[in-house]
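All heavy atoms count here, side chains included; hydrogens, waters and symmetry mates do not. Because the structure is a prediction, the values reported are computed rather than measured. First the proteins, then the strands, lettered A, B, ... as listed; each starts at 1.
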Number of protein chains: 2
Amino acid sequence: MSLLVTNIGELVTNDGPVRSDAALVIEGGRIAWIGPAGSAPAADEMLDAQGRAALPGFVDSHTHLVFAGDRAGEFAARMAGQRYTGGGIRTTVAATQAASDDELRATAARLVREALQQGTTTIEIKSGYGLSVPDETRCLRIAGEFTTETTFLGAHVVPASFAGRADEYVALACGEMLDAAVPYARWVDVFCEPGAAFDADQARAVLAAGVAAGLAPRVHANQLGPGPGVQVAVELGAASADHCTHLSPADIDALAGSSTVATLLPAAEFSTRSAYPPARRLLDAGVTVALATDCNPGSSYTTSMPFCIALAVREMGMTPAEAVWAATAGGARALRRDDIGVLRPGARADLVLLDAPSHVHLAYRPGVPLVSTVLHNGVPI
Amino acid sequence: MSLLVTNIGELVTNDGPVRSDAALVIEGGRIAWIGPAGSAPAADEMLDAQGRAALPGFVDSHTHLVFAGDRAGEFAARMAGQRYTGGGIRTTVAATQAASDDELRATAARLVREALQQGTTTIEIKSGYGLSVPDETRCLRIAGEFTTETTFLGAHVVPASFAGRADEYVALACGEMLDAAVPYARWVDVFCEPGAAFDADQARAVLAAGVAAGLAPRVHANQLGPGPGVQVAVELGAASADHCTHLSPADIDALAGSSTVATLLPAAEFSTRSAYPPARRLLDAGVTVALATDCNPGSSYTTSMPFCIALAVREMGMTPAEAVWAATAGGARALRRDDIGVLRPGARADLVLLDAPSHVHLAYRPGVPLVSTVLHNGVPI
């Protein structure tokens, strides 16, 4: 069964220049052919894009979707002037520990569906609201029902029950908790933020243990202030350093000289009323930049990659083309994937059609739900 | 035929405190009853809100929806550093003059539908991209196919054909153009912005002529810099001074001592990378504040009132409750309407249900299309 998508007014492939009047053929969930609409081969079925713009499905490489409860009250207090310190994570931990599997699954399912309807065809999901051996394990197991990109973030914060005993908690996260998590995780992550979460040595220990157990590393780095997170990420060859809000010139140099992607999460700065990451400086230094939502109930409760693109353009000096690339191909690099975030023969047929003639409209028309059709593995949803 | 909407988890009425576990009955397109879900009267049909939040439909009191073409290229250039001067309006004027009625109608219909799907149940539409007697008239005639809140904005900018002869253009806008517009307009508006558009005396002339012809005044005031717009608006008893981006203490005092609403359009500041209006100072001074989209293809191409609410909270220090009030009841005041923006017996049954438990989520979940059901004149759309 093959599907011809034709009359694409503007096609962003991330594999060569933007095409106009394009078509593509999908077969077996993969792209089989891309070319001018006028010379498209026959196919079993046809989808007429009617001149709309098309681009790869968004790759949201940083979310925390397995949780219970919401923190609307904390949000309102913060908007009334209270500073975000990350301390509210423990509120969600308590709610998550108290929730049933079915409650956690229902919330995750709702958010994954919400994201998919807005064009997110690949989503990474972290644990990190369990913070006990059984709760981290079940959060990862539930995450795995929705994606293969699961991340063990046992070292999110030191749980209340380990107050004053951070090193003991790190030993747990490097030992029994890690062992239980490994069957359900692809990645290991740590919130490296001395003072609020874990310091450099603790972060190194968590990542090294994860790597030794077969997981690939990524790091929450330099979110709340300057710190060692980016350097640790580069040192350990992490696929991505996420947040990157407070960077020194040496941090930018380190990223530029590495294969570590800088994953920027501007919706978190939006929802915590913080200064935005220096995307322009990163791009100008040659760093690979990804955009992701950071979807979580505390600091960034959005699933909308188009919103992140609009913010990246308004607030971080990215061009619309750079922001769209970062939200698709950039996310794929941050997950070390070459089958997504790009449209070329052999790649996954993850595709978004916009109610707009150009990708520029994702930034030009902020807040408007422009994603009109999503194809996931070649199937319209 | 009556409709019972029940199991409303949180009901914002703008007519007393927020209710929980509420219900309402709609009959003949109006609210007939509001009260606790447990004591709701019988009705012919029932809509189960399943615990979701409900609020009045949004009142978007400032849009420019009758136009042709888009200005995505100008937007991208501005995001690359070019400053917004309002000069691009003439690009849209040329495209609008060249378009057929059906083209203008199709674009307006698409945007009105897009707005309605995001919860906007009342929309104001201005002319201002015609700038000739026949083109202003037909733009208003087309606007009137979508709303009763039509505004004659012949004095948007001085058209290229009148370059250097602004006073002659003002005379036209106060004479023949106004006469032709009056049958199709409720309001008269002027872009009072010395240097970029019209000065105080020109604005007074336009507004006074409109009032003499039976229209009610509103003003584009103090958008690009400090200026006389707000003072002119208050002096002439305008229903609203719109933009209010650059205000002096005297401007705020004048608004506070008047019945003129300050209509803030933060999506314009978002899309022109400008500083935001001083909403907090206005509210603290006792000024009535409305939020609207300013939807237009140059400086704010969004139809999303939820996006404006999120911006108002993030960028202007408004609480979620203040922002929701401004986007509903505030807009109604800016249009001098008491039948919309409020839910009480006798008011129009314009109602939005959110995929969320609280109105706070409109700011807490930015970019997410939370509006799940819209009732317009009592009819689910």
Side-chain angles (χ1 to χ4, degrees), chain A residues 70-81 110-111 114-115 117-118 267 269-274 293 295 297-298 300-323 355-371, chain B residues 70-81 110-111 114-115 117-118 267 269-274 293 295 297-298 300-323 355-371:
Chain A
D70 81 35
R71 279 151 62 191
E74 177 189 313
F75 170 80
R78 191 163 63 241
M79 291 301 107
R110 176 173 59 78
L111 292 169
E114 188 183 275
Q117 285 166 346
Q118 293 169 92
E269 278 78 31
F270 186 88
S271 292
T272 59
R273 211 180 266 149
S274 307
T293 63
C295 185
S300 180
Y301 200 2
T302 187
T303 49
S304 175
M305 290 293 283
F307 177 67
C308 295
I309 289 169
L311 280 182
V313 172
R314 165 54 158 87
E315 303 293 355
M316 305 201 297
M318 294 175 75
T319 67
E322 286 169 338
D355 260 337
S358 163
H359 68 283
V360 172
H361 285 232
L362 287 165
Y364 176 44
R365 308 213 56 215
V368 177
L370 289 182
V371 171
Chain B
D70 80 36
R71 278 151 62 192
E74 177 188 312
F75 170 80
R78 192 163 62 242
M79 290 301 108
R110 175 173 59 79
L111 293 168
E114 188 182 275
Q117 285 166 346
Q118 292 168 94
E269 278 78 32
F270 186 88
S271 292
T272 59
R273 211 180 266 150
S274 306
T293 62
C295 185
S300 180
Y301 199 3
T302 188
T303 49
S304 174
M305 291 293 281
F307 177 66
C308 295
I309 289 169
L311 281 183
V313 171
R314 166 54 158 86
E315 302 292 356
M316 305 201 297
M318 295 175 75
T319 67
E322 287 170 337
D355 260 338
S358 163
H359 67 283
V360 173
H361 286 232
L362 288 165
Y364 175 44
R365 307 213 58 214
V368 177
L370 288 182
V371 172

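- Per-residue counts of heavy-atom pairs under 4.5 Å with chain B were compared for T293(A), L311(A), V360(A), D70(A); the largest is that of D70(A).
- For A363(B), the parts lying under 4.5 angstrom from a heavy atom of chain A are both the backbone and the side chain.
- Here CD of E315(B) is found 8.0 Å from CZ of R273(A). Values are rounded to the nearest 0.5 Å.
- Listed for the Y364(A) side chain is no donor-acceptor partner under 3.5 Å among the backbone atoms of S300(B).
- Between P369(A) and Q118(B) there is a side-chain heavy-atom pair separated by less than 4.5 Å.
- For the options T319(A), T272(A), V313(A), heavy-atom pairs under 4.5 Å to chain B are most numerous at V313(A).
- Under the 4.5 Å side-chain criterion, counting only non-hydrogen atoms from C-beta, D355(A) is not in contact with R110(B).
- When heavy atoms are compared at a cutoff of 4.5 Å, I309(B) does not approach chain A at all.
- For a residue to count as touching a neighbouring chain, one of its non-hydrogen atoms must lie under 4.5 Å from one of that chain's; by this rule A80(A) does not touch chain B.
- The minimum heavy-atom distance linking H361(B) with A72(A) is given by the pair NE2-CB, 4.0 Å.
- Neither the backbone nor the side chain of A321(A) comes within contact range of chain B; no heavy atom of the residue lies under 4.5 Å from a heavy atom of that chain.
- Side chain of R314(A) to main chain of E269(B): a donor-acceptor pair is present (N/O by atom type, distance under 3.5 Å, no hydrogens or angles).
- With chain B as the partner, the residue from A356(A), P357(A), P320(A), S304(A) showing the most heavy-atom pairs under 4.5 Å is S304(A).
- Here the side chains of V368(B) and F307(A) are not in contact, with every heavy-atom distance at 4.5 Å or above.
- If you measure heavy-atom distances from S358(A) to chain B, you find no contacts under 4.5 Å at all.
- Side-chain contact between T302(A) and R365(B): absent, with no pair of heavy atoms (C-beta onward) separated by less than 4.5 Å.
- If you measure heavy-atom distances from P297(A) to chain B, the contacts under 4.5 Å come from both the backbone and the side chain.
- Checked by atom type and distance alone, the side chain of Y301(A) never pairs as donor or acceptor with a backbone atom of P366(B) at under 3.5 Å.
- Contact annotation for T303(B): both backbone and side-chain heavy atoms come within less than 4.5 Å of a heavy atom of chain A.
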